[in-house]
Amino acid sequence: MIAEALRVPAELSAAVPAEQRGPGLGRDAVRLMVSRGAAGTGHHLFGELPELLTAGDVLVVNTSRTLPAAVDGRVGDGRGRGEPVVVHFSTRADRWHPAGRSAAGCWAVELRTPDGRGSTGPRAGGPAGAVVRLPDGARLVVEAPLDPGSGRLWWARVTGAEVPELMRRHGRPIRYGYTDRDQPLAAYQTVFAADSPGGGSAEMPSAARPFTAALVARLVSKGVIVAPVSLHTGVASAEAFEPPYPERFAVPPVTAWLVNAARARRRAAARRHAAPGGASGRIVAVGTTAVRALESATGRDGRVRAAAGWTDLVVTPERGVRAVDGLLTGLHEPTASHLLMLAAVTDGEVLRRAYAEAVRRRYLWHEFGDLHLVLPD
């Protein structure tokens with residue numbers, strides 16, 4: 001869709017968080033591109049978001065916390081030092097395991113060889129049966145590929161320690177080679193992050209990163225409604241065009257009610273022949289993770305129902321969206337499957353023009369970069 005026509009220059013990858021780019025800057029010191037379908041593309045500062053939304057609009061936000069999911073280890077059976085490896089703990093297997101074995105201590109993991117540029121490097125892979133020695137005397141045994149056709153993520157079992165405690169004591173946030181240096185975990189937490197019995201995300205739900213408490217207060221004082229969902233994301237270093245794997249999500253009853261009520265108000269306004277663009281009650285998801293969670297709880301009738309569990313939903317233009325009207329998201333690689341979701345929210349040609357404009361205007365990509373707000377006409 002976009003991959004054939006767009007090349008993102010390497011220098012447009014955001015190397016550090018916004019607040020580290022100059023004195024006096026905060027998290028919200030990023031730019032915001034706004035696409036309104038046929039109405040075209042506008043350019044703003046992120047701090048102008050409250051002026052771009054209307055009282056009664058609903059912002060659906062992901063409250064998942066980011067985990068320090070990268071842990072160093074060594075591959076080997078204990079007879080030698082072994083080769084260094086970085087384990088990315090992606091998803092805890094609390095519902096399923098190959099061959100029907102117990103899921104206790106079993107995680108989907110990605111193995112990387114350190115290359116001096118953070119926690120990522122060449123993919124180490126399996127094979128099944130490989131042993132990784134971890135801190136505190138723990139051992140990780142690779143058991144089977146998550147997807148036999150990929151070999152990127154593996155089911156692995158950890159013994160000798162609890163993985164959450166391993167991450168707390170020895171982990172750090174996953175980062176990619178386009179960033180300058182490791183950052184503290186706090187740099188990867190959003191203002192919406194909350195403790196959850198479901199765990200957390202291997203990588204930050206980054207569309208919400210520029211929000212500050214002060215900006216949220218301005219939105220709420222204007223009458224914008226903030227509705228929580230959770231979706232615990234796995235590692236994002238997927239192959240080109242690779243769809244996301246199943247992830248744990250929850251849509252609480254209060255969010256289902258808020259979204260349904262807002263949509264009902266919007267339909268009522270349309271029946272009174274109010275201009276669609278001026279009617280309140282738009283459902284704007286903050287990040288593709290919020291879209292996946294909310295759409296996983298939405299029936300064919302467009303009604304959202306409280307739900308929790310696992311979702312393997314992939315939102316595509318063919319499937320469309322049933323509850324979401326708009327999307328606030330980062331700028332994604334042209335080969336990322338996230339763009340299929342964006343094309344379900346807006347027209348593909350609108351998306352192509354917006355991304356070409358983002359490159360021309362030197363917007364910054366990735367988790368510390370600029371934002372893109374997609375709204376209906």
Side-chain angles (χ1 to χ4, degrees), residues 13-32 45-47 49 59 61-72 86-92 112 114 117-120 135 162-220 226 228-237 247-248 286-290 328-331 364-371:
S13 294
V16 296
E19 61 271 24
Q20 296 178 19
R21 292 178 199 145
L25 297 181
R27 282 179 171 235
D28 56 352
V30 297
R31 290 185 291 170
L32 178 63
L45 300 176
F46 187 75
L49 181 63
L59 276 181
V61 302
N62 187 359
T63 61
S64 181
R65 294 188 68 85
T66 307
L67 300 172
V71 178
D72 292 323
V86 181
V87 179
H88 292 170
F89 286 97
S90 179
T91 307
R92 189 178 63 206
R112 292 275 184 166
R117 297 190 302 154
S119 60
T120 63
E162 296 294 326
V163 172
E165 183 64 11
L166 269 177
M167 287 192 286
R168 187 187 71 81
R169 288 169 55 85
H170 304 285
R172 62 186 180 277
I174 293 173
R175 80 169 178 95
Y176 293 98
Y178 51 77
T179 56
D180 278 355
R181 56 187 176 272
D182 284 342
Q183 299 285 344
L185 183 59
Y188 288 86
Q189 300 294 10
T190 76
V191 71
F192 304 111
D195 290 329
S196 167
S201 290
E203 299 192 18
M204 173 177 56
S206 56
R209 189 186 189 277
F211 283 87
T212 64
L215 182 61
V216 174
R218 285 174 54 204
L219 287 162
V220 172
V226 179
V229 297
S230 68
L231 186 133
H232 301 308
T233 67
V235 295
S237 52
E247 294 167 319
R248 192 183 301 107
V286 178
T288 58
T289 61
L328 176 66
T329 184
L331 293 162
L364 296 181
W365 256 250
H366 302 304
E367 65 269 26
F368 297 139
D370 297 314
L371 274 290

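Counting begins at 1 with the first residue of the sequence.
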With sequence neighbours excluded, residues passing ring-ring contact (aromatic ring centres under 6.0 Å, His included) with Phe211: Phe46, Phe192

For His366, what residues pass the ring-ring contact (aromatic ring centres under 6.0 Å, His included) criterion, not counting sequence neighbours? Tyr178

Atom pair [atom1]/[atom2] of [X] and [Y] - distance to nearest 0.5 Å:
| X | Y | atom1 | atom2 | value |
| --- | --- | --- | --- | --- |
| Asp370 | Leu45 | CG | CG | 10.0 Å |
| Leu231 | Asn62 | CG | CG | 6.0 Å |
| Leu331 | Arg31 | CG | CZ | 9.5 Å |

Looking at residues at least two apart in the chain, or sitting in another chain, which of them share a salt bridge (Lys or Arg N to Asp or Glu O under 4.0 Å) with [X]?
| X | result |
| --- | --- |
| Glu247 | Arg292 |
| Arg218 | Glu51 |
| Asp180 | none |

With [X], which residues qualify under side chain to side chain donor-acceptor pair (under 3.5 Å), at least two apart?
| X | value |
| --- | --- |
| Thr63 | none |
| Arg169 | Asp136 |
| Thr329 | His332 |
| Gln183 | Gln20 |

Applying side-chain contact (heavy atoms from CB on, under 4.5 Å), name anything that partners Glu19, two or more places apart in sequence or on another chain. Pro17, Arg27, Arg209

